[in-house]
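To start, the structure under review is shown below, and the notes come after it.
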Amino acid sequence: MPWQQDITPYKVWISEIMLQQTQVSTAIPYFLKFIKRFPDIDTLADASEDEVLSYWSGLGYYTRARNILKSAQAIKIEFKSNLPKSIEELVTLPGIGRSTAGAIRSIGYGLKAPILDGNVKRVLSRYFKIEEDLNKSSIQKELWLLSEKVLPKSNFNVYTQAIMDLGALVCKRKNPDCASCPQNKYCLANKYNLTESIPLKQNKKEKPLKNLYWLVAIDQKGRFALQQKERNGVWQGLWTFLEFEEIELREHYYKNFMEESALISRDKLKIKHSFSHYNLDIDSLILKFDSNFSKKVGNNQMWFDKNDLKSLGTPAPVTKIIEKVI
DNA sequence: TATACGTGGTT
DNA sequence: TAACCAAGTAT
């Protein structure tokens with residue numbers, strides 16, 4: 001993996017954040033581009049939030065990117081541009097929890113620290129046959145104690161990477177390869193044939209459906225109007241098309257601020273988008289104009305072209321529409 | 001303690 | 001196709 005070449009605490013940090021709830025294959029190209037543009041903490045600390053978000057566009061959980069920038073700025077000032085080594089100091093940085101702190105300390109600095117990410121949780125819960133809900137606080141506490149207890153006496157960086165890799169490649173969620181596991185003789189889940197039922201699966205609840213109405217205004221030079229999302233809900237700080245919660249509001253806006261005489265085409269585009277906690281139907285009105293028209297846009301709205309996208313963040317559906325219709 | 005927070009790949 | 005993930009943290 002690219003983050004395992006010329007390992008530094010900085011690269012461990014960035015990769016750990018990118019890999020949170022994210023597939024390895026998805027994170028790789030993002031990591032390579034990010035490290036090329038922001039090779040060290042000072043470069044990152046001096047960047048704008050818009051640009052950092054542009055390098056995160058499509059990766060999701062954008063709070064991670066905003067927190068990486070905030071943390072870089074704090075590290076520059078409070079820790080002389082070096083990631084701290086202690087868990088206590090690391091977890092003061094936004095976006096770094098106990099497990100990521102443990103990974104930075106052990107893999108990045110080679111010092112003793114337990115971690116408890118999804119892979120390690122799965123390995124430990126099977127090895128020690130923990131059949132309860134792993135999210136219960138009492139079980140979380142037990143798992144942290146076990147993670148600490150099984151640490152070796154040395155080679156903490158090798159050990160931490162190894163137990164994560166064991167979870168990712170051998171002790172997989174589905175169809176674990178117990179035959180090739182170096183710990184299979186001691187694993188209680190293997191002994192009692194419980195690898196399918198451990199860890200316990202969550203019962204998930206139904207996702208609500210929300211609707212959103214976008215107005216995609218494009219001029220003859222291929223420029224398009226975007227507005228920046230507020231500091232609440234999903235996609236905070238990212239740029240979307242002009243957004244309305246009711247179709248009537250979009251019609252009203254269109255009739256009042258767009259000059260119909262300049263209109264070339266008027267198309268509809270529907271996109272179904274799925275979040276982890278709700279589904280979203282996006283109804284987009286695509287308007288193309290042949291010349292300058294009324295460009296009265298609101299406070300947080302601006303006109304951009306494709307070249308501007310490297311300096312601002314856009315959520316996946318916006319990126320898709322730009323690629324498709326502009 | 002439960003919920004918010006994204007996305008693309010796999011089945 | 002809809003469901004189900006995949007290296008968590010913040011509130």
Side-chain angles (χ1 to χ4, degrees), chain A residues 1-4 11-31 53 56-68 70-71 87 90-104 106-108 114-124 133-141 143-144 147 160-175 199 201-210 212 229 231-238 240 271-280 282 313-320:
Chain A
M1 294 302 139
W3 43 86
Q4 293 166 345
K11 284 196 263 188
V12 172
W13 171 41
I14 301 300
S15 64
E16 285 299 321
I17 301 296
M18 283 190 176
L19 287 163
Q20 289 172 3
Q21 309 293 288
T22 304
Q23 308 258 4
V24 169
S25 59
T26 301
I28 289 173
Y30 283 88
F31 178 83
L53 284 170
W56 213 269
S57 293
L59 194 55
Y61 286 134
Y62 298 96
T63 299
R64 295 183 296 175
R66 290 184 281 109
N67 280 339
I68 275 181
K70 280 188 209 159
S71 286
I87 301 297
L90 283 166
V91 297
T92 65
L93 297 166
I96 299 182
R98 196 173 168 190
S99 190
T100 300
I104 293 167
S106 60
I107 301 175
I115 65 163
L116 194 61
D117 66 5
N119 285 319
V120 176
K121 265 188 203 170
R122 190 167 56 254
V123 171
L124 293 178
D133 179 357
L134 302 189
N135 294 314
K136 282 174 62 181
S137 63
S138 59
I139 303 298
Q140 288 273 349
K141 196 174 174 184
L143 286 167
W144 272 110
S147 182
T160 299
Q161 190 61 59
I163 192 170
M164 291 168 86
D165 289 349
L166 185 68
L169 303 172
V170 179
C171 195
K172 297 172 293 183
R173 189 75 183 77
K174 280 186 174 178
N175 304 318
K201 289 165 188 66
Q202 305 289 307
N203 43 357
K204 55 272 159 197
K205 45 182 212 178
E206 192 150 330
K207 290 183 190 180
L209 176 65
K210 300 186 184 182
L212 221 43
K229 297 284 283 184
R231 300 276 144 174
N232 63 295
V234 296
W235 299 336
Q236 286 179 39
L238 277 68
T240 67
I271 292 178
K272 288 186 179 295
H273 191 74
S274 181
F275 294 108
S276 48
H277 52 313
Y278 65 90
N279 292 316
L280 181 65
I282 304 170
T314 48
V318 171
T319 310
K320 281 177 195 160

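What you see below is based on every heavy atom in this structure, not just the backbone, and it leaves out hydrogens, waters and symmetry mates. In the text below, chain A, chain B and the rest are named by the order of the sequence lines, each starting its count at 1.
Rounded to a whole Å, the CZ atom of A:R64 is 8 Å from the C1' atom of B:dG6. Per the geometry, CD belonging to A:Q23 stands 15 Å off P belonging to B:dT7, to the nearest Å. Between the CD1 atom of A:I17 and the P atom of B:dG6 there is a distance of 14 Å, given to the nearest Å. When rounded to the nearest whole Å, the span between CZ of A:R231 and C1' of B:dC5 equals 14 Å. Rounded to whole Å, atom P of B:dA4 lies 16 Å from atom CH2 of A:W235. When rounded to the nearest whole Å, the span between CD of A:Q21 and P of B:dG6 equals 12 Å. A:Y62 has its OH atom 7 Å from the C1' atom of B:dT7, to the nearest Å. Distance A:K207 NZ to B:dA4 P: 12 Å, rounded to the nearest Å.
For A:H277, the side-chain atoms get nearest to B:dC5 when compared with the rest of B:dC5, B:dT1, B:dT7. In the set B:dG8, B:dT3, B:dT1, the nucleotide with an atom closest to the side chain of A:K205 is B:dT3.
Of all nucleotides in DNA chain C, those with any atom nearer than 4.0 Å to a heavy atom of chain A start and finish, going 5' to 3', at C:dC4 to C:dA10.
Among the atoms of the strands shown, only primed sugar atoms or phosphate atoms (P, OP1, OP2) are found under 4.0 Å from some heavy atom of A:R122. Nucleic acid contact for A:G233: sugar-phosphate only, since backbone atoms but no base atoms lie under 4.0 Å from a heavy atom of the residue. Contacts of A:L116 with the nucleic acid, taken as non-hydrogen atoms under 4.0 Å apart, are absent. In this structure, A:T100 reaches the sugar-phosphate backbone alone: every heavy-atom distance under 4.0 Å involves primed, P, OP1 or OP2 atoms, never a base. Within the 4.0 angstrom heavy-atom criterion, only backbone atoms of the sugar-phosphate kind lie near A:K320; the bases stay farther away. Residue A:W3 is in base contact, counting any heavy-atom pair closer than 4.0 Å across all strands shown. Across all strands, A:V24 comes closer than 4.0 Å to base atoms (heavy-atom distances). Using a 4.0 Å heavy-atom cutoff across all strands shown, A:S25 reaches no nucleic acid atom at all.
Distance noted for atom C1' between C:dA6 and B:dC5: 15 Å (whole Å). Across the C1' atoms, C:dA7 and B:dA2 are found 23 Å apart, a figure rounded to whole Å. Across B:dT1 and C:dT11, the matching C1' atoms stand 11 Å from one another, rounded to whole Å. Rounded to whole Å, the C1' atom of B:dT10 lies 22 Å from the corresponding atom of C:dG8.
Look at A:Y278 and you won't find any side-chain N or O under 4.0 angstrom from OP1 or OP2 of B:dA4. A close approach under 4.0 Å does not occur between any side-chain nitrogen or oxygen of A:T26 and OP1 or OP2 of B:dG8.
Closest non-hydrogen pair, A:S147 versus A:I115, comes out as OG-O, 2.6 Å.
Counting heavy atoms of neighbouring residues, nucleotides and ligands inside a 6.0 Å radius, atom CD of A:E206 does not exceed 12 of them.
A residue-by-residue look at A:N232 and A:K174 shows that A:N232 has its nearest nucleotide of DNA chain B further toward the 5' end. Residue order along DNA chain C, read from the 5' end via each residue's closest nucleotide, puts A:Q161 first among A:Q161 and A:L93. Between A:G118 and A:N279, the residue anchored closer to the 5' end of DNA chain C is A:N279, taking for each the nucleotide with the nearest heavy atom.
At a threshold of 4.5 Å between non-hydrogen side-chain atoms, the residues A:W13 and A:L93 do not count as touching. Within the 4.5 Å cutoff, the side chain of A:V120 has no heavy atoms near those of the A:L143 side chain. Two residues are said to be in side-chain contact when any heavy atoms from C-beta on lie closer than 4.5 Å; A:K201 and A:R173 meet this criterion.
Between A:C171 and the choices A:L124, A:D165, A:V123, A:I163, the side-chain contact (heavy atoms from CB on, under 4.5 Å) rule is met once, by A:V123.
To the nearest 0.5 Å, atoms CZ (A:F31) and NZ (A:K11) are separated by 6.0 Å.
When only modelled atom types and interatomic distance are considered, A:T100 and A:Q20 share a side-chain donor-acceptor pair under 3.5 Å. Between the side chains of A:N67 and A:R64, not a single donor N or O lies within less than 3.5 Å of an accepting N or O.
For a distance-only test at 3.5 Å, the side chain of A:T22 qualifies as a donor-acceptor partner of the base of B:dG6.
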